[in-house]
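See below for the structure under consideration.
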Amino acid sequence: MFIKQLKEVSLSVFSITLIVLILHFTIAPLENETLLRFLLGAVIISLGLGIFLFGANLGITPIGSLMGETIAKSNKVLVVGILGFLLGFMISAAEPDLQILARQVDMASGGKISGLLFLVVVSAGLGLMVAIGLFRILFEKPLNKLFTIVYVFIFFVALMASEEFLAFSVDASGATTGSMSTPFILALGYGVSHLKGGKTVEEDSFGMVGLASAGPIFAILLMGVLKKITNLQAVDEFHLNSGILSPYLRILPQFLKESVFTLLPLLILFIVFNFAKFKLNKRSRNSIYKGLLFTFVGLTLFMVGVNA
């Protein structure tokens, strides 16, 4: 399974690498040092993303299914709302695509919109919509009507937001439906809809992703209305030391620490719920722990490769 995912990721990264090489040898030549650093980054990204996806399938997706079943069994509105929000928030904050976007927004705004603030606001928006999506499944409300209500609010807020925040919000929506959050949200929705039953089990779980992706749009647009920011000026945050390996070695400790803080809340939540609710056997429990470890290693390598 790991080899298959590594091949798929490598083909995706190779296409981007090929474009850069064509540009390098034609209209946009790079310095040799920069080109070699880029090629090394492409290899690290391929390896990191392959390990990350393997770990997510092994550890993150099963947690989503287990949490979904636990939420459905509770049949308590407060539990559904709190767990739905927390899980949506945590899994969004751990999404590599969103972490990269948050750093770029920080640079594009000249630090006026901090990456941490952007990450928190987007994750809160996604968590809120995940909770609402779970409510919809439990109370068997039509998906099309809920979408209509949500996007009416989005269009209303968009009229008052600046152009920069319109761009940030739509990119945030795309970034949150990435390789980690999408399978987790699908598994969470499927776990709830499967135990709830009914004729739309499959449709309910897929509708969750579309609904969740609307949350970041609304959250960022609302932040744009409340937080008036003008005269955005980009800064170069990633001006690194010269050399091929030195940039990677320089930022490795930073992203090791960030990956720990990203995945630690999900690990703690799993340990608590496994002790109280899941009660998995040793083999299943160790499989999830191993998956989380692979996710941690892959996430660190991916972020280092992208940023260095």
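Not measured: the values here are computed from a predicted model.
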Audit row: I251, M303, side chain to side chain contact (heavy atoms under 4.5 Å, CB included) steps and yes/no: CA-CA 9 Å; I251 66 175; M303 295 300 292; over 6 Å; no
Audit row: V9, I45, side chain to side chain contact (heavy atoms under 4.5 Å, CB included) steps and yes/no: CA-CA 9 Å; V9 169; I45 288 171; 5.7 Å; no
Pair F278-M67, side chain to side chain contact (heavy atoms under 4.5 Å, CB included): steps then yes or no: CA-CA 9 Å; F278 306 154; M67 287 293 184; 3.8 Å; yes
Candidate pair L40 and L245, rule side chain to side chain contact (heavy atoms under 4.5 Å, CB included), full reasoning: CA-CA 9 Å; L40 176 60; L245 291 177; 3.6 Å; yes
Considering only distance and modelled atom types, tabulate donor-acceptor pairs under 3.5 Å from the side chains of residues 282-293, sequence neighbours left out.
{"from": "S284", "atom 1": "OG", "to": "N281", "atom 2": "OD1", "distance (Å)": "3.1"}
{"from": "R285", "atom 1": "NH1", "to": "L280", "atom 2": "O", "distance (Å)": "3.3"}
{"from": "N286", "atom 1": "ND2", "to": "K282", "atom 2": "O", "distance (Å)": "3.3"}

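In this structure the side chain of L66 never reaches within 4.5 angstrom of the side chain of F273, judged on heavy atoms. In this structure the side chain of I149 reaches within 4.5 angstrom of the side chain of F153, judged on heavy atoms. Looking at heavy atoms from C-beta onward, S181 lies out of side-chain contact with D97 at the 4.5 angstrom threshold. The shortest side-chain heavy-atom distance between F296 and L256 falls under the 4.5 Å cut-off. Proximity of L299 to F255: side-chain heavy atoms (C-beta onward) are nowhere separated by under 4.5 Å. Counting heavy atoms from C-beta on, the side chains of F218 and V157 come closer than 4.5 Å. Under the 4.5 Å side-chain criterion, counting only non-hydrogen atoms from C-beta, L87 is not in contact with I91. Contact annotation: the side chain of L134 never approaches that of L83 to less than 4.5 Å [non-hydrogen atoms, C-beta and beyond].
To the nearest 0.5 Å, atoms CG (L249) and CD1 (I244) are separated by 12.0 Å. For the atom pair L222 CG and I217 CD1, the distance stands at 13.5 Å (nearest 0.5 Å). The CG atom of L58 sits 13.0 Å away from the CD1 atom of I51 when rounded to the nearest 0.5 Å. Atoms CG and CE, on L146 and M129 in that order, are 5.5 Å from each other to the nearest 0.5 Å. The CG atom of L119 lies 10.0 Å from the CZ atom of R103; values are rounded to the nearest 0.5 Å. How far CD1 of I27 is from CG of L23: 5.5 Å, rounded to the nearest 0.5 Å.
Between A42 and T17, the shortest heavy-atom distance links the atoms CB-OG1, 3.6 Å. Counting all heavy atoms, side chain and backbone alike, P183 lies closest to T61 at CB-OG1, 3.9 Å. Summarising the geometry of A56 relative to T295, their closest heavy-atom pair is N-OG1, 3.3 Å, with the distance given to 0.1 Å. The shortest heavy-atom contact between L143 and G207 is CD2-CA, 3.8 Å. The two residues A93 and Q99 come nearest to each other via the heavy atoms O-NE2, 3.1 Å. Closest approach of A161 and L221 over heavy atoms only: CB-CD2, 3.8 Å.
When each of V120, V122, V130 is checked for a side chain to side chain contact (heavy atoms under 4.5 Å, CB included) with F89, only V120 meets the rule.
Shown here is Y151, whose OH atom has more than 12 heavy atoms of other residues, nucleotides or ligands within 6.0 Å. Within 6.0 Å of the NZ atom in K279, the count of heavy atoms belonging to other residues, nucleotides or ligands exceeds 12. Other residues, nucleotides and ligands contribute more than 12 heavy atoms inside 6.0 Å of the CZ atom of F147.
Using a 4.5 Å cut-off between side-chain heavy atoms of Ile, Leu, Val, Met, Phe, Trp and Tyr, with links allowed through other members, L267 and V272 fall into the same hydrophobic cluster. L18 is not connected to V20 by any chain of hydrophobic side-chain contacts under 4.5 Å among Ile, Leu, Val, Met, Phe, Trp and Tyr, and they are in different clusters. Hydrophobic clustering (ILVMFWY, side-chain heavy atoms < 4.5 Å, transitive): L11 and V43 are in distinct clusters. Linking Ile, Leu, Val, Met, Phe, Trp and Tyr residues whenever their side-chain heavy atoms come within less than 4.5 Å places L263 and I268 in a single cluster. By the criterion of side-chain heavy atoms lying less than 4.5 angstrom apart, applied directly or through intervening Ile, Leu, Val, Met, Phe, Trp or Tyr residues, V306 is not grouped with L35; the two fall into different hydrophobic clusters.
Between K112 and E164 no salt bridge is recorded (no basic side-chain N to carboxylate O distance below 4.0 Å).
Counting only N and O atoms by type, the side chains of T176 and S92 include no donor and acceptor under 3.5 Å apart.
Each ring pair (Phe, Tyr, Trp, His ring centres under 6.0 Å) pair with one or both residues in residues 10-49, not counting sequence neighbours, would appear here, but there are none. Within the structure, ring pair (Phe, Tyr, Trp, His ring centres under 6.0 Å) pairs that include any residue of residues 45-68 comprise F2-F54, F54-F294 (at least two apart or interchain).
Put simply, the side chain of S173 never gets that close to the backbone of S169: no donor and acceptor are under 3.5 Å apart. A donor-acceptor pair is defined here as one N or O able to donate and one able to accept, closer than 3.5 Å; no such pair exists between the side chain of S10 and the backbone of S46. Proximity of a side-chain donor or acceptor of D106 to a complementary backbone N or O of A102 within less than 3.5 Å is not detected.
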